[in-house]
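Beneath this line is the structure, given in structure tokens, with notes to follow.
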Amino acid sequence: MNTNESTTRLDFIRAIVAEDLKTNKWGGQAVTRFPPEPNGYLHIGHAKSICLNFGIAGEFNGLCNLRFDDTNPIKEEQEYINSIIEDVRWLGFDWQDRLFYASDYFEQMYEYAVQLIQAGKAYVCDLTPEQIREYRGTLTEPGKNCPYRSRSVEENLDLFERMRAGEFEAGLRVLRAKIDMASPNLNMRDPVMYRILHAEHHRTGDKWCVYPTYDWAHGLEDSIERITHSVCTLEFENHRPLYDWFLDELGVHHPQQIEFARLNLSYTVMSKRKLQQLVQDGLVSGWDDPRMPTICGLRGRGYTPEAIRKFCKRIGVNKFNSTVDIALLEHCVREDLNKTSPRVMAVLRPLKVVIENYPEGQVEELEAINNPEDASAGTRKVPFSRELYIEREDFMEEPPKKFYRLAPGREVRLRYAYFITCTEVVKDSNGEAVELRCTYDPSTRGGDAPDGRKVKSTLHWVSAGHSLPAEVRLYEHLFSRENPDDAGGGEDFKSNLNPNSLQILSSCRVEPSLGQAKPGSRYQFERLGYFCVASESCEGKLVFNRTVTLRDRWAKIQKAQQQIR
RNA sequence: UGGGGAAUAGUGUAACGGUAGCACGACUGACUCUGGAUCAGUUAGUCCAGGUCCGAAUCCUGGUUCCCCAGCCA
């Protein structure tokens, strides 16, 4: 709590927690929870909630539980549980022995329901779903009491027990809270507490055929776990009176529900439904496609947990909807990766260079710095020879203004190597440059000229004979529109998919030090960006995913120049 | 047109009756063996209209706009 970063400003939720701690409201305890429903993969929006809940616990010397809200066996699967556990852990959070499941409380919840029935506060209703909707009324008109509302306690008890026993078909009856069918808050118009579902639950099997609804279950889960601050998203604000009502009627431990705005990010979608659609329609390779805003997608893309945590800290917490610029997320990864990733040279679109005055067969091992931001990372040797590859876009036969790179007659530096001058351009029948003939200045070995002359630019390169082939996947934003839902003419968000969101380059060359690069490890390809070794990569076939480009001044100049034309 | 929320530079957020600040972005410039990083600077804001006050983003009144709610989803 007393770190300089967190004392500066408290968001409104932390302010509440701090105040409660000060007044000893919960006996000096702060207990939060992250309560995902295991029906999908976690995304960066969940990370916001995870960082909030675990962050509060960490900062206030409290506890944060990981709890699966598994009250709907039709939608939930073990696969999701596994991925969620992996993702939360990967993000860097620890729930120790407090991994819980709502389904572990089913018996207790059932007893609480019986208690409410006995108190005349709940009843079994035989209306069909359609009828329930009709009886509920509308936003502007009150609902009306259903004919079963006045059933006796005994009959309700009997019916509810038989619901549990499996005597009725799915959907035939429900248990409802008896509150107020005229309430302006529709959630209070006798909400459903239990529905009959003859479905196999991934944890309780066929033990139950009545399952609690969210409204009934969630507060109980919080209460049973002695949660103090039940943090959820804005859309549950309307449910808070109901949350409070259940807990008050039962007279049990009653946490405070606090709502905050969920995260929206530009150039992507965040709803589970839409993400699922992308997966199902095969528009991405899966939940872990590196273009997805899912935690596993970002992980495969090369994002670090540190960067995601930093991002979540920077976006803050508030009560109004907003859309964070994805550039901020990208800034956070760059900031982290700049300090931590080893530099390496890789040529994505190779253009052959022959150094005519360099002795055939000669190879020099030149020393290169692994990370200029971290002296302890040391140096490595990079082989240099007569035939090299440079980046195709680092050469222009007719360079425009402000293009500092290689051109006929121009001298540039090869990083950590020599100054070279382009003397001749070899072209194919289409007039395309296929090879450059150059000379080098032997006195510039290592990259400095003894006579002090300067060059305008430094290029990365690899030795043709020593470099390794690699596949590199260049990723861009998944959508080409800032707000993907902003689609015209009856189209939906999918019409805004960015056709260039994935570009696969299969004839890249990387320096030999990358030969044993392990999947998941991250590098900066000098002058290009941050890349991470793809999970499919192996020693014979190297594959890299681009996490994010470096900031690129030249690209901006180029863009500006194109706009002028 | 019922109820519940919310509005501060382009974006995200501070300021809790007392100089509207920070970050991202954009734009300058310095430096540089990454057109990277770093450093310096510029840009730009209190939804509107009244009121209270020496003083209002903050308090009051009235508007405007946006979000959420009519699942046996969460």
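Since we're looking at a predicted model, the values are computed, not measured. Order of the sequence lines fixes the chain letters, A, B, ..., with proteins taken first and strands second; residue numbering starts at 1 for each chain.
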Has the side chain of [X] got a donor or acceptor that lies under 3.5 Å from a partner of the other kind on the base of [N]?
X        : N      : value
A:Asn238 : B:rG3  : yes
A:Arg314 : B:rU13 : no
A:Asn72  : B:rC73 : no
A:Glu373 : B:rG36 : yes

Watson-Crick or G-U wobble partner for [N], using a 3.5 Å limit on both distances?
N      : answer
B:rG12 : B:rC22
B:rC39 : B:rG29
B:rG55 : none
B:rA49 : B:rU61
B:rA70 : none

How far does the [atom1] atom of [N] sit from the matching atom of [M], given to the nearest Å?
N      : M      : atom1 : result
B:rU46 : B:rU58 : C1'   : 10 Å
B:rC16 : B:rG21 : P     : 14 Å
B:rU61 : B:rG5  : P     : 16 Å
B:rU13 : B:rG4  : P     : 25 Å
B:rU19 : B:rC24 : P     : 25 Å
B:rG29 : B:rG45 : C1'   : 26 Å
B:rG18 : B:rC60 : P     : 16 Å
B:rA15 : B:rA57 : P     : 15 Å

Just to be sure I understand the rule, does [X] reach a base, reach only the sugar-phosphate, or reach nothing, if contact means heavy atoms closer than 4.0 Å?
X        : answer
A:Phe320 : sugar-phosphate
A:Gly171 : base
A:Thr323 : sugar-phosphate
A:Leu234 : nothing
A:Ile557 : base
A:Glu330 : nothing
A:Tyr194 : nothing
A:Asn318 : sugar-phosphate
A:Glu237 : sugar-phosphate
A:Thr444 : nothing
A:Ser183 : nothing
A:Pro372 : base
A:Ile369 : nothing
A:Leu127 : base

Is the phosphate of [N], meaning OP1 or OP2, less than 4.0 Å from a side-chain N or O of [X]?
X        : N      : answer
A:Thr213 : B:rC73 : no
A:Arg415 : B:rG35 : no
A:Ser322 : B:rU11 : no
A:Arg133 : B:rG71 : yes
A:Arg195 : B:rC73 : yes
A:Arg136 : B:rG71 : yes

State which of [options] makes the closest approach to the side chain of [X].
X        : options                : value
A:Asn321 : B:rC72, B:rG4, B:rC67  : B:rC67
A:Phe236 : B:rC72, B:rG35, B:rA74 : B:rA74
A:Asp69  : B:rC73, B:rG2, B:rA74  : B:rA74
A:Thr458 : B:rC72, B:rG12, B:rG35 : B:rG35
A:Trp554 : B:rC73, B:rC72, B:rG35 : B:rG35
A:His239 : B:rG36, B:rA74, B:rG5  : B:rA74
A:Leu550 : B:rC69, B:rU34, B:rG2  : B:rU34
A:Phe403 : B:rG3, B:rG35, B:rC69  : B:rG35

Is the [X] ring parallel, tilted or perpendicular to the [Y] ring (thresholds 30°, 60°)?
X        : Y        : value
A:His239 : A:Tyr214 : perpendicular
A:Trp287 : A:Tyr41  : parallel
A:Tyr101 : A:Phe68  : parallel
A:Trp208 : A:Tyr110 : tilted
A:Tyr243 : A:His218 : tilted

Relative to its sugar, using the 90° cut-off around 0, the base of B:rG71 is syn
Counting only N and O atoms by type, is there a donor-acceptor contact under 3.5 Å from the side chain of A:Arg546 to the main-chain atoms of A:Phe531?
no
Give a yes or no on whether the backbone of A:Arg136 and the side-chain of A:Lys144 come within a donor-acceptor separation of less than 3.5 Å.
no
Neighbour count above 12 (heavy atom, 6.0 Å) for [X] [atom1]:
X        : atom1 : answer
A:Glu476 : CD    : yes
A:Glu169 : CD    : no
A:Arg262 : CZ    : no

With ring centroids as reference points, do A:Phe403 and A:Trp554 lie under 6.0 angstrom apart?
yes
Which residue lies toward the 5' end of RNA chain B, A:Thr128 or A:Arg240, if each is placed at its nearest nucleotide?
A:Arg240
By nearest-heavy-atom nucleotide on RNA chain B, the more 5' of A:Arg445 and A:Asn187 is A:Arg445
Atom pair distance, as rounded to whole Å: CZ in A:Arg527 and P in B:rG36
10 Å
Are any protein N/O atoms closer than 3.5 Å to N/O atoms in nucleotides 25-27 of chain B? If there are, list each pair with its distance.
| from | atom 1 | to | atom 2 | distance (Å) |
| --- | --- | --- | --- | --- |
| B:rA26 | OP1 | A:Lys556 | NZ | 3.0 |
| B:rA26 | OP2 | A:Lys556 | NZ | 3.3 |

Please assess A:Asn65 against A:Thr32 for the test side chain to side chain contact (heavy atoms under 4.5 Å, CB included), listing each intermediate value before the final yes or no.
CA-CA 6 Å; A:Asn65 301 343; A:Thr32 57; over 6 Å; no
